[in-house]
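Please read all numbers here as calculations on a predicted model, not as lab measurements.
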Amino acid sequence: MAQNDSQNKKFSTRIISEKFNKQDVHGAIAMPVYRNAAFEFSDSESIAAAFQYKEEVASHTYTRITNPSVENLERKMKAASGAENVMVVASGMAAISNTFLTIAYAGSNIVTSPHLFGNTFSLFKFTLAAFGVEVRFVNTDNIEEIASAIDENTCAFFCELITNPHLEIADLPGISKVLKGRNVPMIVDTTIIPWCGFDARKAGVDIEVVSTTKYISGGATTIGGAILDYGTFDWAHNKRLAAVAHKGGMSQFSFKLKREIARNIGAAMDPEAAYLQALGMESLQLRYERVSASAYELAQFLSGQKEVVKVGYPKLESSPYKKISDDLFSGNPGAMLTFSLESKEACYKFMDRLQIIRRATNLFDNKTLIIHPESTIYGTFSPELKEVMGIENNLMRLSVGLEDVSDLQADIIQALKDLK
C-alpha cells in the first residue's frame, strides 16, 4: 500500500484522520454536505483572486468546478493512495472519458486489450473513433505485442487491473518498463482492487481511474469516479500537453484536466455523493478484507460443485494469473469471481432460483450480486464483437457481499439442485 511517510500512519488512520482544507465554522468532525451551487465573496478583489487562482488556499466559486464536500473526498483519496493529484467526477465512465479527452487527439492511438468492460470498449471503439482516435487491441499477456503496437502517436497504454469479467491480470511492472522506454503513460482502471490492496505507483501506473461507485461508496450508496495522477510521467512527450505549463503544483495532465476538460464537460460529482463516499472510505479496508475472504471461500466451494463447469478467481491454483495476483495484491484479489454452467439456459434457470443473491448489475455492494454478462452488459453488441471481447454465453459474474458465507453457499446449493 502507498504510505504517507510524513505522517507515518496506517491506511485506515490516514483516511479517517485527514483534515479539512478549511476548519468547519461549527467544528463538525464529518464534512457537511455543501449542497449549493455558488459561494459568496466579501468583495470584488476576493472573487477575482479566487477565479484566477491567486489565493494561497483556494476558495470555492461554483460547485461544477469545486465544492468543499467534494474536495474533502479528494483529500481522503490522496491520503489513501499517495497520488500527487486527485479529481473526482460523476461516474467511473466519466473518469475514463475525461482522462482520454485530456490526452488524446486526432491521429493519436490507444493501445489496450479487447477484454474490457462493455462501455469502455464502446468508448474506445466508437465514441473516440469519431474524433480521429484509433484503438489498437493487443494481447496484454504479450509484452512484445504491446511494444510493437506503440508508435510516436500512442497517447497511452490502458488496461483494467483485473479484466471484467475475464479475470485476466497484466504484468504491470513488466509492461511499465517497456512504456517508460517509449515515453508512453500507463493508465489503469483499478476499480477491482482498492488502495488498501494494491500500490499503483509501485506497479508503474501513471494515471489511475476508479469507479468509486464500487468499494469506495460504502455499499452502492452513490455513483462516482476518480482520476488519480501519480506525477510519474513527463507529459512533455504528449503532443497535446507538451505546451501546457506546470502551475499550482499540478502536472500538465492535472492542470489540463481540472482547468479545462472537466469544466467544459461538466461531469462534476454531486456534493451529497461525495459526503457518502467519504464516509464509505472510512470503512473501506474492513469491508474489503471481509468480502475478499468470502469470495475466496465461495470460489473454492463452487469448484467442488458437479454442476459448475469452470470457476474463475485469481487466487485459485487453477488460475493462470495466480502468481501475478499474489505478487500485485499479496494474494488477495478482491470480491469478484465468475463461474460457468453447462449452458445459457442453465444460467438463467439457476439465477431465477436464487433467494439471497440479488440479480443486479454493479460490483462490491454490501449485498451479493449476480449477473449474466453476455446478455446484459454486452447484450447490445454483435456476436462478432462479443467474440472479439471474449464473452462467453454460459458465464456468470458474482460480486460477493457481506452476508454470511454459509447462507450464500446454501442459496447456491438450492439453486443448483436438479439443474438440467
Side-chain angles (χ1 to χ4, degrees), residues 83-84 95-117 119-164 166 168-190 198-209 227-244 251-254 256-257 261 321 324 327-328 385 388-390:
E84 185 177 274
I96 297 172
S97 58
N98 273 261
T99 295
F100 281 95
L101 287 171
T102 301
I103 66 170
Y105 52 90
S108 66
N109 64 76
I110 301 162
V111 176
T112 187
S113 167
H115 295 171
L116 298 170
F117 173 64
N119 290 118
T120 308
F121 183 96
S122 180
L123 172 71
F124 292 160
K125 181 72 174 176
F126 304 115
T127 308
L128 293 180
F131 296 91
V133 179
E134 178 190 1
V135 59
R136 297 179 176 179
F137 293 123
V138 297
N139 176 5
T140 54
D141 287 342
N142 189 328
I143 294 180
E144 291 183 2
E145 188 174 329
I146 294 171
S148 66
I150 293 170
D151 63 22
E152 67 276 7
N153 287 314
T154 301
C155 67
F157 168 82
F158 175 87
C159 70
E160 295 172 359
L161 186 57
I162 302 179
T163 61
N164 170 15
H166 316 82
E168 298 170 352
I169 305 172
D171 177 9
L172 298 185
I175 294 171
S176 176
K177 291 178 183 178
V178 172
L179 299 179
K180 297 298 183 189
R182 303 289 292 275
N183 295 316
V184 173
M186 178 187 283
I187 302 176
V188 180
D189 182 339
T190 65
F198 172 66
D199 188 333
R201 182 194 292 271
K202 183 179 178 181
V205 177
D206 298 301
I207 301 293
E208 185 177 11
V209 292
I227 305 164
L228 295 90
D229 177 3
Y230 284 90
T232 50
F233 185 73
D234 182 359
W235 294 100
H237 297 292
N238 179 280
K239 294 180 181 179
R240 180 97 180 273
L241 300 179
V244 177
S251 69
Q252 294 104 312
F253 171 84
S254 287
K256 183 84 167 177
L257 170 69
I261 303 301
Y321 299 98
I324 188 66
D327 291 343
L328 290 178
L385 282 178
V388 168
M389 291 185 280

Could you pull out the closest heavy-atom pair between [X] and [Y], with the gap in Å?
X	Y	answer
A149	N109	O-OD1, 4.4 Å
D229	S254	OD2-OG, 2.7 Å
K180	T232	NZ-O, 3.6 Å
T163	H115	CG2-O, 3.5 Å
G174	I143	C-CD1, 3.8 Å
I103	A156	CD1-CB, 3.7 Å

Main chain of [Y], side chain of [X]: is a donor-acceptor contact present, judged purely on distance under 3.5 Å?
X	Y	value
S113	T140	no
H166	M389	yes
S108	Y105	yes
R201	G231	no
E208	T190	no
S176	L172	no

Side-chain heavy-atom pair [X], [Y] within 4.5 angstrom cut-off:
X	Y	answer
E84	S251	yes
L328	P173	yes
I187	D206	no
E160	D189	yes
P185	L179	no
I150	F157	no

Test log, rule side-chain contact (heavy atoms from CB on, under 4.5 Å), inputs N153 and K239: CA-CA 8 Å; N153 287 314; K239 294 180 181 179; 2.7 Å; yes
Pairs satisfying salt bridge (charged side-chain N to carboxylate O under 4.0 Å, His left out), at least one member in residues 135-149, at least two apart: E134-R136, R136-D151
Distance flag, aromatic centroids of F124 and F100, threshold under 6.0 Å: yes
About how many Å separate [atom2] of [Y] and [atom1] of [X], when rounded to the nearest 0.5 Å?
X	Y	atom1	atom2	value
I96	L116	CD1	CG	8.5 Å
Q252	H237	CD	NE2	10.0 Å
M186	I146	CE	CD1	8.0 Å

CA sep, side-chain torsions, deciding dist, call: L257, T99, side-chain contact (heavy atoms from CB on, under 4.5 Å): CA-CA 7 Å; L257 170 69; T99 295; 5.6 Å; no
Stepwise side-chain contact (heavy atoms from CB on, under 4.5 Å) test for T120 and F158: CA-CA 10 Å; T120 308; F158 175 87; 3.8 Å; yes
Parallel, tilted or perpendicular: rings of F126 and F121 (30°, 60°):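 Taking F126 first and then F121, their aromatic rings stand perpendicular (interplane angle over 60°).
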Whether W235 and F253 hold their rings parallel, tilted or perpendicular, with breakpoints at 30° and 60°: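 Because their plane-to-plane angle is under 30°, the rings of W235 and F253 count as parallel.
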Check against side-chain contact (heavy atoms from CB on, under 4.5 Å), I207 and I227: CA-CA 7 Å; I207 301 293; I227 305 164; 4.1 Å; yes
